[in-house]
Amino acid sequence: MIFSLLVYGAPHSHQAAESAYRFAVSALNQGHGIHRIFFYGDGVHNGSALASPPQDECDLPARWQALAEQHELDLVVCIAAAVRRGVLDANEALRYEKPAHNLRAGFELSGLGQLAEAAIQSDRLITFGA
Amino acid sequence: MIFSLLVYGAPHSHQAAESAYRFAVSALNQGHGIHRIFFYGDGVHNGSALASPPQDECDLPARWQALAEQHELDLVVCIAAAVRRGVLDANEALRYEKPAHNLRAGFELSGLGQLAEAAIQSDRLITFGA
Amino acid sequence: MTLHTLNRPPSDRALLTDCLAALLADDTLLLLEDGVYCALESLSLPTGVRCVALAADVEARGIGSRLPAGIEVVDDAGFVELCCRNDRVLSWF
Amino acid sequence: MTLHTLNRPPSDRALLTDCLAALLADDTLLLLEDGVYCALESLSLPTGVRCVALAADVEARGIGSRLPAGIEVVDDAGFVELCCRNDRVLSWF
Amino acid sequence: MSKSKSFLIISRRPPYGSSHARDALDTALTTAVFEQPVAILFQGDGVYQLLSGQEPGGVRQKNLSATLSALPMYDIDRLYVCARAMAQRGLDQNDLVLPVEVLDDAGIAGLIRNHDVVMNF
Amino acid sequence: MSKSKSFLIISRRPPYGSSHARDALDTALTTAVFEQPVAILFQGDGVYQLLSGQEPGGVRQKNLSATLSALPMYDIDRLYVCARAMAQRGLDQNDLVLPVEVLDDAGIAGLIRNHDVVMNF
């Protein structure tokens, strides 16, 4: 079965992101496919390259990146939600004339259309709300 | 009268930050002093240097910075909450070996003690919760 | 005397109940953000408690003409003044 | 058949009420995160609706021994299986 | 797009206090652009989004009513409200910025079963 | 610090679902380090923080109970719970990880008036 996930919560602020991560691991372990994980609202902060939690806490952005590398996951961060909230890739940093970018490797910024496409193409869309 | 403000919400995600900004402007217009504005929880994103809202939307981090320059405000972002959420100054970027920093000029990272100190030294502490 | 602020709608019943239970005579309850919707309920306030709603939030949500008598509307300057007149400000959210 | 998930405590009464009202026979209600506290209430579920709670969240909150009969505990794999067995997943938050 | 699915967006939050209401509308509009059938159900505090007379300039936000009024142009014309939510708030059709269909609990449960993808905001 | 003020922290959120409960405790501990008198009131879903038997390893979080048990070491020994919150949840002292004083509504209103700074989380 092909899943897509919609993640609405930021790491540390809300448990939704951690729940989504555990779900993704469990689905992959059972041999299911994941078409896309879409980060929306405050969920865009899952794609932060700068998040630096203490060593004894879960580093969710790093875990997403590692999971994506292992399973070739499509991690898409809503571009409109992200730029408002200060999550930029190199292109957007250039466009908005900002001195730095902070989107983590393994994530990409794209439009809300990627959420609609994911819902259409996948057997199930699971929302992790906050 | 001397106020301090505690801001718990991120711009765009929750209205608390905008309410706090309007309160600060109004207090200053009435001739009151503001000892400190402390950003905690998701409020740390008020200190983002990279937030890039559309031109017809309120750019709260830029407004905080301008207000601070005009009135010599002490804008303190809770360091523990900020580094978890990916808001770093140059020092923290170095410490965590991160390739960039994104704390806006006019804000500084400091400990939760600055919140306690603000509550003690000010006549009133006003919380803008989320 | 305490200024209580509340920024959540009345559907967050547990918050509204705890806030109302904490009011004492001479306290003021200021409704702001989504909290202004609480003004549309018949709030049972203790005697001597004043209830006000923040103008910008009342206007944003289009509820100005629906406010019952007994709810005053204050602007941002009035919010600041209320903070001065009370001994402490407690925010419910 | 719909899998409904709920991640807010029962103090968010409006959410719980709307969620319960949307359940039909053969639907499943999965409680997760703070939603597992809803399992401690006597939920009035329509006939033929199964109610389960996510193991990691039950254990985190120390409520395993307090769960009433009729609430099953499922692990993360069970959550994934429920998503497969139902036609759609609707998250209440 | 090879497949077509029917979408139901449930919008439960009041306007302006958080970004949820705006995000729900943006999702509905985007999905409609993909030429998928989209319905919206306003439930709980979400019915406050439909209230007429909103003037959010003072809180520096854009008027949600303008976006709501644009929905029919995107062929989003199946707009529903929860009957309980309206009654609890003492609201009726005359209070709202655009015409909607009022659904009771059974109607809402049936609406959910009749859609392939149901998203809550 | 030249002045001294009495602090009351009101903690209303359940553990683990969000960072509020942790932030409330961190604020209480930090304020105590500044040698200010600090009391904590657990109200609403906040009373769930005190429940014994929490095992948050499965959700990859640190046990809040450990921090709660450390409060007396920081001279935070005035811990209160809301009587209504306990009764609504069918909880009593035996369910909790540490001893607390149960306050009714009048007691809570009085507690608020007796503190200089009251912070809600």
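Reminder, nothing fancy here: chain letters follow the sequence lines and each chain counts from 1.
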*Could you grab the distance from atom CG of D42(A) to atom NE2 of H14(B), nearest 0.5 Å is fine?*
10.5 Å

*By a 4.5 Å heavy-atom criterion (distance strictly below it), what part of H45(A) contacts chain B: side chain, backbone, both, or neither?*
side chain

*What residues of residues 77-94 of chain A sit under 4.5 Å from chain B when you count only heavy atoms?*
V83(A), R84(A), R85(A), G86(A), L88(A)

*Partner set under side-chain contact (heavy atoms from CB on, under 4.5 Å) for A17(A), not counting sequence neighbours*: V7(A), N46(A), L60(A)

Can you give the donor-acceptor pairs under 3.5 Å from side chains of residues 48-56 of chain B to other protein atoms, not counting sequence neighbours?
| from | atom 1 | to | atom 2 | distance (Å) |
| --- | --- | --- | --- | --- |
| S48(B) | OG | L50(B) | N | 3.0 |
| S48(B) | OG | A51(B) | N | 3.1 |
| S52(B) | OG | L50(B) | O | 2.7 |
| D56(B) | OD1 | K62(E) | NZ | 3.4 |
| D56(B) | OD2 | K62(E) | NZ | 3.1 |

*Results of side-chain contact (heavy atoms from CB on, under 4.5 Å) for A66(A) - residues two or more places apart only*: none

